[in-house]
Amino acid sequence: MAFRNYLCKVSEKAINYLELLNEPQRGAVMQTEGPVMIIAGAGSGKTRVLTYRIAYLIEKGVDPFNILALTFTNKAAREMRKRIEQVVGNEAHALWMGTFHSIFAKILRIEADKLGYPSNFTIYDSDDAKSLIKTILKEMGLDDKVYKPGMVLSRISSAKNNLITAAQYASLSDLTEADSGSGKPKIHDIYRIYTERCFRAGAMDFDDLLVKTHELLSRFPDVLNKYQHKFHYVMVDEFQDTNHCQYSIIKKLSAMRENICVVGDDAQSIYAFRGATIRNILNYEKDYPDLKVFKLEQNYRSTSNIVEAAGSIIRNNKDQLKKQVWTDNPDGDKIRVIRTATDNEEGKVVAENIFEEKMRNQLNNDAFAILYRTNAQSRSIEEALRKMNIPYRIYGGMSFYQRKEIKDMVAYLRLTINPSDEEALKRIINYPTRGIGKTSIDKLILAASQNECSIWTVLENIEKIPAFGSAIKKLADFRNMMLSFRSMLESHSAYDLAMHIARQSTLLKILHDDKTVEGISRYENIVELMNGIKEFTEDDTRDEAKTLDVYLQDIALLTDADNEKGDDDVVRLMTIHAAKGLEFPNVFVVGMEENLFPSQMSISSRQDLEEERRLFYVAATRAEKKLTLSYAMSRFRFGNLTYAEPSRFIQEIDPRYLQVEKVKSNKPEFGGFPAAKKKQDFNFTPVGKSATPSLLFNKKESPINRKVDPNFEPDDTSLLKEGMRVEHQRFGPGIVTLIEGSGEGRKATVEFEEVGIKQLILKYAKVRIIS
DNA sequence: TACTAAGCTCTTTTT
DNA sequence: GAGCTTAGTA
């Protein structure tokens with residue numbers, strides 16, 4: 001009887017939320033069996049459908065433990081878990097939900113021994129991978145100007161994502177011929193050695209997490225069988241961004257029951273550069289002929305003007321599936337296009353706009369997002385926001401875990417867990433300095449590769465190798481220290497051990513003793529890391545063991561966007577890629593310039609250009625109420641002043657939806673060139689070789705990066721040429737009291753509140769002829 | 001071996 | 001602007 005009541009209650013609850021859905025949404029939720037594809041336009045309630053679908057499954061009696069839901073970001077996974085919890089309660093905990101990388105890492109931890117890996121394998125991030133490539137290039141005697149590490153890595157990565165092993169790579173003539181054609185015939189060798197070295201180090205890179213999972217499921221039928229029995233229902237979010245390898249894995253995993261549901265939008269496919277392929281959507285239709293397709297075309301997010309404008313852009317793409325996104329929402333404001341003179345002015349105008357909008361409509365800061373194509377663009381915007389006292393937060397760019405001091409500390413932890421971890425070892429063997437120099441390290445690496453063993457194995461036997469001479473003692477000391485850390489693994493909590501390591505390695509001490517502004521900040525970061533480990537150790541909501549190796553695997557897959565607390569009332573700054581899946585009432589897309597967005601590298605090929613266009617589509621459809629596009633006619637990029645045309649994408653928008661504004665420049669020297677396009681038309685003279693708007697000084701001495709007052713003027717400009725003034729300073733607040741000489745190499749004495757008087761060299765200064 | 005200044009190069013997006 | 005290498009000094 002009780003069970004019957006329970007059933008009634010469940011179905012009532014189910015009906016409640018099913019009523020909230022429109023026709024195709026409800027269909028997509030209730031079609032739980034068999035292969036399903038949901039084509040979900042921007043803002044069409046995709047997350048809602050996925051959430052309810054899982055909730056519906058659970059209420060139908062499916063054990064959450066048997067549901068696998070894959071997303072691209074941790075944030076998306078967390079968000080969905082939260083929303084499912086709201087519907088079904090605590091049961092959601094047992095769901096297998098996470099990013100491809102984190103779920104597969106979890107499986108690999110369990111099954112690692114089958115592949116010959118330790119279960120506490122290290123995850124190499126892109127820096128580690130790059131550094132390993134460099135080491136290999138050096139050993140092979142190859143020129144890293146020809147074999148650019150980044151480029152080599154991306155060749156290897158795309159091979160992996162297409163499930164091509166090193167051996168296969170060597171035998172595929174179109175690949176090797178392409179490499180020979182570009183003067184890099186050895187790529188397949190590098191690939192092979194790279195793979196061996198990763199294996200020897202007990203390490204997997206991001207791609208390996210996918211490839212090794214695929215290998216595991218292919219080579220071991222019993223393992224495949226186990227997970228096929230486990231996952232009765234498989235769901236994949238952002239399907240348009242999956243690569244071949246990911247697709248193969250989910251196909252294998254769901255092969256037994258074929259309860260596989262993918263959700264995606266071909267118009268929002270923006271990761272082709274990472275191996276994502278639209279072919280997956282087409283193959284999916286081919287692989288599952290009895291596929292049920294649901295198209296979610298009604299947009300609930302944005303105003304009609306935004307939906308229509310975005311639609312008018314994306315229609316320029318040839319490669320796309322048929323669908324018609326529409327909305328019932330009111331027209332709203334037109335899309336504003338703002339033209340400014342410089343990047344700095346662009347920042348200023350955006351900041352002022354935000355300020356006014358906030359005042360006029362009583363909005364919070366978090367109602368605004370500023371999106372850009374490249375991370376480097378954030379600087380001018382940041383400065384303007386700071387000047388207007390508008391709090392902001394940057395997502396992406398240099399993340400917490402990429403900071404030097406954090407990577408150093410993490411390297412100690414990694415090496416403690418996995419002594420074979422070569423990249424970690426190289427990082428800290430002489431940091432803090434303990435008299436182990438370059439020569440000794442080179443010898444170590446050489447000995448390791450001669451004996452085809454890890455550097456750690458060489459260290460274990462260091463006393464038997466006379467070639468190391470006087471360095472033996474120092475190397476042995478280091479080894480013994482690491483051994484003593486290792487011996488504490490069982491008996492100490494992750495936090496206690498980490499704290500012990502930080503102290504014992506003297507890392508904490510040297511950071512503590514460094515009283516420069518940056519040193520203090522580094523010390524604080526380490527403290528923050530320690531707090532993070534403590535929190536992890538004390539976190540009771542997760543069922544996994546709370547050991548150090550689990551922590552390390554966790555943070556290896558964490559990105560900056562995952563640190564979102566969500567409740568900060570700040571303006572959000574991020575790349576468009578990072579904004580995927582998010583929405584904001586007011587969106588500014590800055591840097592709408594040809595060669596910047598679309599990026600210069602993409603304009604030569606149609607496919608690349610179409611991806612840029614989809615990227616713009618994603619940016620535009622993030623906005624709920626207001627969308628503003630801005631561009632600058634001149635911009636400092638990488639030390640050079642560049643001149644730009646407005647992006648072709650602005651021209652592609654149906655003009656009915658646009659409202660074009662010219663900003664009346666409040667900078668007199670820029671006032672008179674509304675139609676200026678060519679360099680000569682600017683009343684501007686760069687000085688020195690490249691007119692970078694910066695002063696150069698020892699980076700270690702610099703006050704906190706980015707916390708600057710761009711507003712101050714030099715006190716004494718008498719030694720500058722007449723009519724020139726220093727336009728922009730990266731440091732501050734402070735007062736320039738003296739500038740010696742002129743042009744490149746000038747010296748400036750600057751007084752800082754925090755650090756007193758400093759002598760600075762003005763390497764290049766951006767100056768203007770005022771007259 | 002440790003440290004620093006100077007010089008050179010490259011310049012997209014990220015799990 | 002940032003990362004990296006090189007050369008030179010202590």
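Proteins get letters first, then strands, A, B, ... in listed order; numbering begins at 1 in each. Everything numeric in this text was worked out from a predicted model, so none of it was measured.
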Please report the distance, rounded to the nearest Å, between [atom1] in [X] and [atom2] in [N].
X       : N       : atom1 : atom2 : result
K75(A)  : dT15(B) : NZ    : C1'   : 16 Å
K580(A) : dT13(B) : NZ    : P     : 16 Å
K148(A) : dT12(B) : NZ    : P     : 11 Å
M151(A) : dT9(B)  : CE    : C1'   : 18 Å
D144(A) : dC8(B)  : CG    : P     : 17 Å
M574(A) : dT12(B) : CE    : P     : 21 Å
I249(A) : dT15(B) : CD1   : C1'   : 13 Å
Y147(A) : dT9(B)  : OH    : P     : 21 Å

Distance check: side-chain N/O of [X] vs OP1/OP2 of [N], anything under 4.0 Å?
X       : N       : value
S440(A) : dT1(B)  : yes
K134(A) : dC4(C)  : yes
T439(A) : dT1(B)  : yes
N161(A) : dT15(B) : no
S599(A) : dT13(B) : no

Salt bridge (Lys or Arg N to Asp or Glu O under 4.0 Å) involving D442(A) - partner list, sequence neighbours excluded: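 Scan of D442(A) (salt bridge (Lys or Arg N to Asp or Glu O under 4.0 Å), adjacent residues dropped) gives K438(A).
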
Which residues share a salt bridge (Lys or Arg N to Asp or Glu O under 4.0 Å) with E405(A), sequence neighbours left out: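 Result, salt bridge (Lys or Arg N to Asp or Glu O under 4.0 Å) vs E405(A): none returned.
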
Nearest-nucleotide pick for H577(A), side chain only, options being dT12(B), dT13(B), dT15(B):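 For the H577(A) side chain, the nearest candidate turns out to be dT13(B).
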
Exercise: do R572(A) and Y395(A) side chains pair donor with acceptor under 3.5 Å: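 There is such a pair (donor and acceptor under 3.5 Å, judged by atom type) between the side chains of R572(A) and Y395(A).
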
Touch class at under 4.0 angstrom, heavy-atom based, for F100(A) against every strand present: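 F100(A): no heavy atom of the nucleic acid under 4.0 Å.
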
Sugar-phosphate only, base, or nothing, as touched by F597(A) at under 4.0 Å among non-hydrogen atoms: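 No contact at all - F597(A) keeps every heavy atom at 4.0 Å or more from the nucleic acid.
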
Results of side chain to side chain donor-acceptor pair (under 3.5 Å) for E215(A) - residues two or more places apart only: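 If we apply the side chain to side chain donor-acceptor pair (under 3.5 Å) test to E215(A), skipping adjacent residues, the hits are R219(A).
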
Residue met sooner reading DNA chain B from 5', once K145(A) and A471(A) are mapped to nucleotides: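 The 5'-side residue here is A471(A).
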
Residue whose closest nucleotide on DNA chain B lies nearer the 5' end, E612(A) versus G437(A):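 Final value for this comparison: G437(A).
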
Sequence neighbours excluded, every pair satisfying ring pair (Phe, Tyr, Trp, His ring centres under 6.0 Å) that has a member inside residues 597-622 of chain A: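 As it turns out, the ring pair (Phe, Tyr, Trp, His ring centres under 6.0 Å) pairs with a partner in residues 597-622 of chain A, which skip direct neighbours, are F597(A)-F616(A), F597(A)-F649(A), F616(A)-F649(A).
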
Pair R109(A) + D549(A), salt bridge at N-O below 4.0 Å: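 So R109(A) pairs with D549(A) through a salt bridge.
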
Stretch residues 427-434 of chain A: residues that reach within less than 4.0 Å of DNA chain B through a heavy atom: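 DNA chain B contact set from residues 427-434 of chain A: N430(A), T433(A).
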
Aromatic ring of F273(A) stacked on base six-ring of dT13(B), 5.5 Å, 30°: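 So F273(A) counts as stacking on the base.
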
K443(A) NZ: over 12 foreign heavy atoms closer than 6.0 Å: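 Check passes, neighbour count above 12.
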
Same-atom distance (P) from dT14(B) to dG3(C), integer angstrom: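 Per the computed distance, 16 Å lies between those P atoms.
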
Could you tabulate the donor-acceptor pairs under 3.5 Å formed by side-chain atoms of residues 264-273 of chain A, not counting sequence neighbours?
unit_1  : atom_1 : unit_2  : atom_2 : d
D265(A) : OD1    : A267(A) : N      : 3.0
D265(A) : OD1    : K323(A) : NZ     : 2.9
D265(A) : OD2    : Q268(A) : NE2    : 2.8
D266(A) : OD1    : K323(A) : NZ     : 3.3
D266(A) : OD2    : L321(A) : N      : 2.8
Q268(A) : OE1    : R622(A) : NH2    : 3.1

